[in-house]
Amino acid sequence: MTFDILTALMLFALVSSITPGPNNLMLMASGANYGVKRSLPHMFGVSLGFTLMVALVGLGIMQLFDMFPVTYQILKVLSVTYLLYLAYKIATASNAKQNNTTDAKPMTFFQAVLFQWVNPKAWTMALTAISVYAPSKSVLAVVMVSSVFGAVNFPCISTWTILGQKIQGFLTDDKRLRVFNFTMAGLLVISLYPIFL
């Protein structure tokens, strides 16, 4: 991989990781509702889960989908259903600190890892990264692409979680928190738009 291609890959990883999408919107909501510390498992799950996804896509998992095209439709239905469920959970979340409750919990590490497989933006990012930057699908190229995403992704998603925590003070009012959570849930639903194209 030449320096120019590596630079382009890093830029692609940065732009695709830091722009709004299901992961970033959920992490912002998690930061606002639970704080960065309690959201760390969610953050690590997103970053490591996506890095693993890129590697597995590059190592041939897409061939299974090509052999069984119906799996694309199944994946689409699962993605939409799960994202709508998550949007509902965000819309009905309450501020854990304000209510002093332990019932409300952010997404766990394993939930975040598994979520990558029904996240339409993650699929788009992984497929594009492998197609453009590792077209040979050699193990070295796939490891390089997934490693770059692993290095770039975590700082990007951390920004969204920290931003969510920073606005916690503004969200101490129940009405503002409800508006914020409904807005985040609505944006999550809107992020499904590319699935239907």
Side-chain angles (χ1 to χ4, degrees), residues 1 5-6 8-27 29-30 42-91 107-154 156-157 160 184-197:
M1 187 175 285
I5 293 174
L6 181 59
L9 170 59
M10 290 174 72
L11 185 60
F12 174 73
L14 173 68
V15 171
S16 58
S17 294
I18 204 156
T19 52
N23 280 323
N24 290 336
L25 293 172
M26 289 190 309
L27 284 168
S30 186
H42 184 175
M43 294 162 63
F44 283 114
V46 167
S47 191
L48 295 175
F50 180 69
T51 302
L52 176 65
M53 179 186 192
V54 172
L56 291 176
V57 166
L59 295 175
I61 201 166
M62 285 313 297
Q63 291 175 353
L64 294 173
F65 291 115
D66 291 338
M67 289 180 357
F68 305 102
V70 71
T71 55
Y72 285 118
Q73 295 305 317
I74 293 170
L75 182 63
K76 187 183 285 191
V77 169
L78 288 173
S79 297
V80 169
T81 303
Y82 192 61
L83 282 168
L84 290 174
Y85 166 74
L86 290 175
Y88 167 77
K89 294 293 281 180
I90 290 171
M107 188 176 273
T108 68
F109 173 83
F110 290 109
Q111 287 171 330
V113 168
L114 293 175
F115 173 69
Q116 303 318 300
W117 295 95
V118 294
N119 180 349
K121 184 182 177 190
W123 275 104
T124 302
M125 290 167 59
L127 292 170
T128 303
I130 294 300
S131 301
V132 174
Y133 299 103
S136 67
K137 294 184 179 62
S138 71
V139 173
L140 183 60
V142 169
V143 167
M144 180 68 81
V145 170
S146 56
S147 297
V148 166
F149 266 98
V152 171
N153 186 264
F154 191 78
C156 292
I157 64 171
W160 285 84
M184 290 295 103
L187 290 172
L188 187 58
V189 171
I190 290 169
S191 76
L192 292 171
Y193 176 73
I195 289 181
F196 300 107
L197 294 180

Is the shortest heavy-atom distance from the side chain of [X] to the side chain of [Y] under 4.5 Å?
{"X": "Val189", "Y": "Leu83", "answer": "no"}
{"X": "Cys156", "Y": "Leu14", "answer": "yes"}
{"X": "Met184", "Y": "Leu188", "answer": "no"}
{"X": "Val46", "Y": "Met43", "answer": "no"}

Mind checking what makes side-chain contact (heavy atoms from CB on, under 4.5 Å) contact with [X], not counting sequence neighbours?
{"X": "Leu52", "value": "Leu56"}
{"X": "Val143", "value": "Val139, Ser147"}
{"X": "Val113", "value": "Phe109"}
{"X": "Tyr85", "value": "Tyr82, Lys89"}

Least distance between heavy atoms, [X] atom then [Y] atom:
{"X": "Gly150", "Y": "Ser47", "value": "O-OG, 4.0 Å"}
{"X": "Ala29", "Y": "Ile90", "value": "CB-CG2, 4.0 Å"}
{"X": "Phe149", "Y": "Ala129", "value": "CE1-CB, 3.5 Å"}
{"X": "Val57", "Y": "Trp123", "value": "CG2-CZ3, 3.9 Å"}
{"X": "Ala141", "Y": "Ala134", "value": "CB-CB, 3.7 Å"}

Rounded to the nearest 0.5 Å, what separation is found between the [atom1] atom of [X] and the [atom2] atom of [Y]?
{"X": "Ser79", "Y": "Ile74", "atom1": "OG", "atom2": "CD1", "answer": "11.5 Å"}
{"X": "Ser30", "Y": "Leu25", "atom1": "OG", "atom2": "CG", "answer": "12.5 Å"}
{"X": "His42", "Y": "Phe115", "atom1": "NE2", "atom2": "CZ", "answer": "7.5 Å"}
{"X": "Asn24", "Y": "Ile18", "atom1": "CG", "atom2": "CD1", "answer": "7.5 Å"}
{"X": "Asn153", "Y": "Ser146", "atom1": "CG", "atom2": "OG", "answer": "12.0 Å"}

**Study point:** Phe44: ring pair (Phe, Tyr, Trp, His ring centres under 6.0 Å) partners, not counting sequence neighbours
**Key:**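 Counting only residues at least two positions away or on another chain, Phe44 forms a ring pair (Phe, Tyr, Trp, His ring centres under 6.0 Å) with Phe154.
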Exercise for review: Keeping to residues at least two apart or across chains, list the side-chain hydrogen bond (donor to acceptor under 3.5 Å, both in side chains) pairs with something in residues 113-122.
Suggested key: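 Those involving residues 113-122 are Thr19-Lys121, Asn23-Gln116.
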Practice item. Apply the test side chain to side chain contact (heavy atoms under 4.5 Å, CB included) to residues Met26 and Trp160: give CA-CA distance (whole Å), side-chain angles for both, the deciding distance (0.1 Å), then the verdict. Key: CA-CA 9 Å; Met26 289 190 309; Trp160 285 84; over 6 Å; no
**Study point:** Pair Leu86-Met107, side chain to side chain contact (heavy atoms under 4.5 Å, CB included): steps then yes or no
**Key:** CA-CA 10 Å; Leu86 290 175; Met107 188 176 273; 3.8 Å; yes
Check your understanding: Stepwise, does the side chain to side chain contact (heavy atoms under 4.5 Å, CB included) test hold for Phe50 with Met125?
Key -> CA-CA 9 Å; Phe50 180 69; Met125 290 167 59; 3.7 Å; yes
Check your understanding: Please walk me through it: do Phe12 and Thr128 pass side chain to side chain contact (heavy atoms under 4.5 Å, CB included)?
Key -> CA-CA 10 Å; Phe12 174 73; Thr128 303; 3.7 Å; yes
